[in-house]
Amino acid sequence: PPLTRAWRPRRSSSSFAARNSQEMRRAAQGVGRRLSSQPLVHVEEEVDLLKARQAEHLWHPMTQQRPWSAKERSPPAAVVSSAGSTLTRKDGTTLLDSIAGLWCVNVGYGREELAVAAYEAMRELPYHSPTLASPQQIDLAAKISELLRMDNAHTYFTSSGSEANEAAFKIARQFHAANRSDPAGALRYKILSRYRAYHGNTAGAMAATGQAERKIGFGPEAPGFVKVTAPYAYRKHPKLTDEEHVDEILKVLEETIIMEGAETVAAFVMEPFISGGGVLIPPHPKYIPGVRKICDKYGVLLIFDEVVSGFGRTGEMFGFHHFPDVTPDIATMAKGLSSGYSPLGAVSVSNAVFQKFHDSESALPPRLAHFRQVNTYGGHPVSCAVALKNIEILEREDLVDRAADVGSYFYDTLQSTLADHPLVGDIRHKGLLLGVELVTDKHTKAPLPEPLAAEIPKFAEFNHGIIIGRNGVTVPGLNNVLILAPPFVITHDECHAIANAIYHALEHVKDRALDVGKAGD
């Protein structure tokens, strides 16, 4: 039977709740004086006013807002504060956030240290051109190189994960164009990626993304991007072992490189663990080493997209660290780099890649040998200061190890609470990256239809005050995976509360879902 522990939001503590420094308090008092000159309104009236203005002016991502525009219903109350794993709305209601914002608030909400780091950095140096350097930017690049355990990594900063992947593709193409030792270098432009993976919302990153429903209406997409299949243990051929399944997937990758013309392939980009596409975990340890071997064989650069898995999410500092004999040529990161407290992305490259951008090493004309790209806010001193403090917290509090430990506990909790439910086909995880795949029939593995799957997070939020993720509007017919990626500070009680909320949400749709399953027999 499901556990019934009640969840209550933790009180703000010095670990999570912001306690302003004297200077920050004075600044806040100044704001208060300015606001006090405006007419005071009752809290309920202010909540309603914000809802009306939200419906009239704000455009949310991934949200159908017609009911708000048509005044059929109001948007939810605005979120105004946070602590630990909990968000608080203007109307006083709370939300337990089981997806850490958008997979990013790794150290938890309400960290005073990060607020102070941002304030002090902004006071000293609010901005500088990316062609200059700040101490924060230099120190962060050095720290990333240390953490990656790559060959003297060099880091180029962006503002987001999408921009980081976009830059990575340009770097890969220019590397080959500059590579004198490869006769086919100038011909290499194709980027291979995997179905179900997500790499960003900019044009190139979206072209690399293997989620068809995210692209409908945005085409035609950028050329030069080719997809291959990713390992998917739950839906592999039943006669194959995990190792045989991985061998088959690796064979497809190699055959695709050959059929596309190996001399035209620049790079293969992959998440070590597919996240937004349904939390797909490689079922056998030979897969990623096998990918590295194939890339080396054909002169293809290997790009690890660590935007989600980086900075502890999977129980190692980076996802590829689960495979100690494998390093990428290029690694991209964002999200957990700053725990979402300030926008920041990064692309780190090996020294071998970096050298091809020196005018003495490049086959390109000297005036074109450098990396000819700039991001206005890339390496922003405030964001770099926040990232450095964020990494300090991760290390000081052993939060990466905690993600591994609590991830296992959370997985066991989901298993004991949900595994026997008729709508649960598979539960999988790596650290605090967890997925629950929903079906209408455990034997046939028929996916739970999207309208019913979409009800699960809604029920959990409206009835239990818990935010749950789902791979919505990604892969046609397979938008049936619940996704959990909470802050690393999540408690055992909160893990039980999330599992209970999912159980009751599944019960809410069970009869209708099973009727769908019977109709499909």
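Just so you know, residue 1 is the first one in the sequence shown, and it goes up from there. All values below come from the heavy atoms of this structure, side chains included, with hydrogens, waters and symmetry mates left out. Owing to the predicted nature of the structure, the values given are computational and were not obtained by experimental measurement.
Heavy atoms of other residues, nucleotides or ligands lying less than 6.0 angstrom from NZ of Lys458 number 12 at most. Within 6.0 Å of atom NZ in Lys251, 12 or fewer heavy atoms from other residues, nucleotides or ligands are found, so the atom counts as exposed in its surroundings. By the neighbour-count criterion of 12 heavy atoms within 6.0 Å, atom CE of Met62 is densely surrounded, having more than that number from other residues, nucleotides or ligands. Residue-environment remark: CZ (Phe371) exceeds the threshold of 12 foreign heavy atoms within 6.0 Å. Environment of NE2 in His443: sparse, with no more than 12 heavy atoms of neighbouring residues, nucleotides or ligands closer than 6.0 Å. Around atom OH of Tyr377, no more than 12 heavy atoms belonging to other residues, nucleotides or ligands sit under 6.0 Å away.
A side-chain donor from one of Ser129 and Thr131 sits under 3.5 Å from a side-chain acceptor of the other. Between the side chains of Tyr109 and Asp97, at least one donor N or O sits under 3.5 Å from an acceptor N or O. His370 and Asp359 share no donor-acceptor pair across their side chains, judged by distance under 3.5 Å alone. Using a 3.5 Å distance cut-off with no hydrogens or angles, the side chains of Glu361 and Asn179 do not pair a donor with an acceptor. A donor and an acceptor atom, one from each side chain of Thr158 and Asn375, are nowhere located under 3.5 Å apart. A donor atom on one side chain and an acceptor atom on the other are not found under 3.5 Å apart for Tyr298 and Glu263. Side-chain contact of Asn165 with Glu163: a donor-acceptor pair under 3.5 Å is absent, judged by distance alone. Side chain to side chain, Glu166 and Thr202 meet the donor-acceptor criterion of an N or O pair below 3.5 Å. Neither side chain, His284 nor Asp242, offers a donor N or O lying under 3.5 Å from an acceptor on the other.
Looking at every heavy atom in both residues, Leu432 comes nearest to Pro487 through CD1-O, 4.0 Å.
Taking the side chain as every heavy atom from C-beta outward, Pro447 and Thr440 never approach each other to under 4.5 Å. Counting heavy atoms from C-beta on, the side chains of Phe175 and Ile330 never come closer than 4.5 Å. Annotation: side chain of Leu434 is in contact with side chain of Leu414 (closest heavy-atom distance under 4.5 Å). Looking only at side-chain heavy atoms (C-beta outward), Glu244 and His237 stay at 4.5 Å or farther from each other. Counting heavy atoms from C-beta on, the side chains of Val105 and Tyr341 come closer than 4.5 Å. Using a 4.5 Å heavy-atom threshold, the side chains of Asn106 and Arg313 count as touching.
Using the six-membered ring where Trp is involved, Phe304 and Phe320 have ring planes that are parallel, under 30° apart on the 30 and 60° scheme.
The CG atom of Leu482 sits 9.0 Å away from the OG atom of Ser98 when rounded to the nearest 0.5 Å. Atoms OG1 and CG, from Thr474 and Asn479 in turn, are 4.0 Å apart once rounded to the nearest 0.5 Å. Taken to the nearest 0.5 Å, the CD1 atom of Ile466 stands 11.0 Å off from the OG atom of Ser85.
Aromatic rings of Tyr127 and His380 (six-membered ring for Trp) have centroids within the 6.0 Å cut-off, being under it. Ring-centre distance between His322 and Phe318: not below the 6.0 Å cut-off.
Panel note: side chain Glu316, backbone Ser309; no donor-acceptor pair is recorded below 3.5 Å. Here the side chain of Arg402 pairs a donor or acceptor atom with the backbone of Phe488 at under 3.5 angstrom. In this structure a side-chain-to-backbone donor-acceptor pair under 3.5 Å is missing from Asp398 to Leu394.
The side-chain hydrogen bond (donor to acceptor under 3.5 Å, both in side chains) test applied to Glu392 returns Lys389, Arg396, not counting sequence neighbours.
A salt bridge between Asp325 and Arg292 is absent, with no side-chain N of the basic residue lying under 4.0 Å from a carboxylate O of the acidic one.
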